[in-house]
Amino acid sequence: MQLMPELPEVETTVRLLRPMVLGRGMGELRVAWARILGGQSIAEFQKHIRGTRVLSIDRRAKYILLRLGRQGLPAGVIVVHLRMTGRLYVDPPGADPESHVQVEIELDNGHHLRFLDVRKFGRFQFAHDESEILPALGPEPLSDDFQPHWLMRSLQRHRRQIKPLLLDQSFLAGLGNIYVDEALHRAGIHPQANSARLDAERVRALHGAIRRILTVAIRREGSSFDRFYRTPEGKPGGYQAQFQVYGREGQPCRRCGGTVRRTVVGQRGTHWCRGCQHR
DNA sequence: ATCCTATCCTGGCTGC
DNA sequence: TGCAGCCAGGATAGGA
């Protein structure tokens with residue numbers, strides 16, 4: 001079983017990295033797997049970042065944005081996507097790099113910003129402006145833009161299976177397979193329910209479930225099952241202990257006692273409870 | 001508009 | 001025990 005970093009894992013990464021990178025100067029770049037850079041050459045990337053400082057680090061959807069400046073003026077941004085097995089962290093001087101470190105940048109305090117990615121699906125890209133890289137993204141589920149009436153209208157505008165729709169980052173930004181399964185279970189919605197047919201009560205429940213689950217998961221510093229997701233401090237997250245359905249195929253539902261099932265919906269492994277979730 | 005498939009990758013798992 | 005083959009899984013592109 002894998003863990004793909006979703007909004008809570010990316011948010012945790014950003015929060016823990018912030019004090020380690022803010023204001024730091026960017027030095028020598030080393031790249032093991034050039035395709036991680038998304039087509040840009042190592043030399044170009046190095047030229048762009050050399051002598052810049054980190055002005056800010058933020059999250060948008062599942063992207064990490066490291067904004068850079070030179071003499072206080074904006075000088076581009078590094079856009080990182082962890083995809084499934086990526087980790088971004090800072091090592092102190094002398095720390096032995098782990099295997100699968102694909103990109104590292106020496107910082108002006110001798111530490112290294114390291115991007116580790118076993119499967120190499122992640123991206124670590126430079127752009128003059130993040131708009132060159134970020135695709136169209138829906139609202140942030142923890143922002144004020146995400147309201148029940150917005151969700152109701154938007155669900156009705158589409159007529160899609162609810163799970164693939166919630167995974168669509170241009171619809172709503174930041175959810176992935178795990179938190180969608182958990183949110184649908186909490187809201188009592190079948191993963192294949194038609195988005196346009198959910199009544200107002202279900203939609204309110206879904207809105208509340210998404211907010212609640214993401215908020216608690218961030219508080220727990222995300223979820224980890226295996227060696228993949230770790231916070232930048234190297235610790236596993238703690239939210240996996242709260243999973244109601246994800247990864248619990250064949251085990252009893254914690255709410256109704258029925259058996260948690262696993263099926264495939266929209267080409268994704270999907271965990272749900274027939275007793276709790278209806279179309 | 002929506003859905004489906006292939007692609008990118010590697011480690012872990014299954015089955016023999 | 002060893003090994004070949006299968007599979008997951010986010011995002012995207014291209015075809016139906």
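Per chain, numbering begins at 1; letters A, B, ... match sequence-line order. Keep in mind that what you see is a predicted model, and the values were worked out from it rather than measured.
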- To the nearest angstrom, how far is Arg160(A) atom CZ from dC3(B) atom C1'? 8 Å
- Length of the CD-C1' vector between Glu6(A) and dA11(C), whole Å: 13 Å
- Task: Grab the CG-C1' distance between Leu175(A) and dA11(C) for me, whole Å please.
- Result: 15 Å
- Query: Contact class for Gln169(A) vs. all strands (heavy atom < 4.0 Å): base, sugar-phosphate, or nothing?
  - Reply: sugar-phosphate
- Task: Take the angle between the ring planes of Tyr179(A) and Phe243(A) and call it parallel below 30°, perpendicular above 60°, tilted in between.
- Result: perpendicular
- Query: Short question: side chain of Glu6(A), backbone of Ile178(A) - any donor-acceptor pair under 3.5 Å?
  - Reply: yes
- Message: If the threshold is 4.0 Å, N to carboxylate O, is there a salt bridge linking Asp58(A) and Arg18(A)?
- Response: yes
- Task: Quickly work out the Leu165(A) CG to dA11(C) P distance and round it to whole Å.
- Result: 14 Å
- Message: Without decimals, in angstroms, what is the distance between Leu134(A) CG and dT12(C) C1'?
- Response: 15 Å
- Item | Rounded interatomic separation in angstrom, taking CG from Asn194(A) and C1' from dA1(B) | 13 Å
- Query: Would one find a side-chain N or O of His158(A) under 4.0 angstrom from OP1 or OP2 of dT2(B)?
  - Reply: yes
- Item | Any strand: nucleotide that pairs with dA1(B) via Watson-Crick or wobble, under 3.5 Å | none
- Query: Between dC3(B) atom C1' and Asp168(A) atom CG, what is the distance in whole Å?
  - Reply: 12 Å
- Note on the structure: Which of dT12(C), dC4(B), dG10(C) is nearest the side chain of Arg268(A)? It is dG10(C)
- For Asp117(A) and dA11(C), what is the distance between atoms CG and C1' respectively, to the nearest whole Å? 13 Å
- Message: Walk me through whether Phe121(A) and Trp33(A) qualify under ring-ring contact (aromatic ring centres under 6.0 Å, His included).
- Response: CA-CA 11 Å; Phe121(A) 276 16; Trp33(A) 185 257; over 10 Å; no
- Is the phosphate of dA11(C), meaning OP1 or OP2, less than 4.0 Å from a side-chain N or O of His81(A)? yes
- Which class fits the ring pair His158(A) and Phe171(A): parallel under 30°, tilted 30 to 60°, perpendicular over 60°? perpendicular
- Exercise: identify the closest heavy-atom pair between Ile162(A) and Pro191(A): CG2-O, 3.3 Å
- Message: Below the 4.0 Å mark, does dG9(C) have OP1 or OP2 next to a side-chain nitrogen or oxygen of Tyr246(A)?
- Response: yes
- Message: Looking only at the aromatic ring of each residue, does the gap between the centers of Trp272(A) and His190(A) stay below 6.0 angstrom?
- Response: yes
- Task: Name the nucleic acid region contacted by Asn177(A), choosing base, sugar-phosphate or nothing; use a 4.0 angstrom heavy-atom cut-off, strictly under.
- Result: sugar-phosphate
- Message: Counting the atoms with a prime plus P, OP1 and OP2 as sugar-phosphate, which does Pro164(A) contact under 4.0 Å by heavy atoms, base, sugar-phosphate, or nothing?
- Response: nothing
Anything under 3.5 Å between a protein N or O and an N or O of nucleotides 6-10 of chain B, put it in a table, one pair a line.
{"residue": "dC9(B)", "atom": "OP1", "partner": "Arg35(A)", "partner atom": "NE", "Å": "3.2"}
{"residue": "dC9(B)", "atom": "OP1", "partner": "Arg35(A)", "partner atom": "NH1", "Å": "3.2"}
{"residue": "dC9(B)", "atom": "OP2", "partner": "Arg35(A)", "partner atom": "NH1", "Å": "3.3"}
{"residue": "dT10(B)", "atom": "OP1", "partner": "Lys120(A)", "partner atom": "NZ", "Å": "2.5"}
{"residue": "dT10(B)", "atom": "O2", "partner": "Arg119(A)", "partner atom": "NE", "Å": "2.9"}

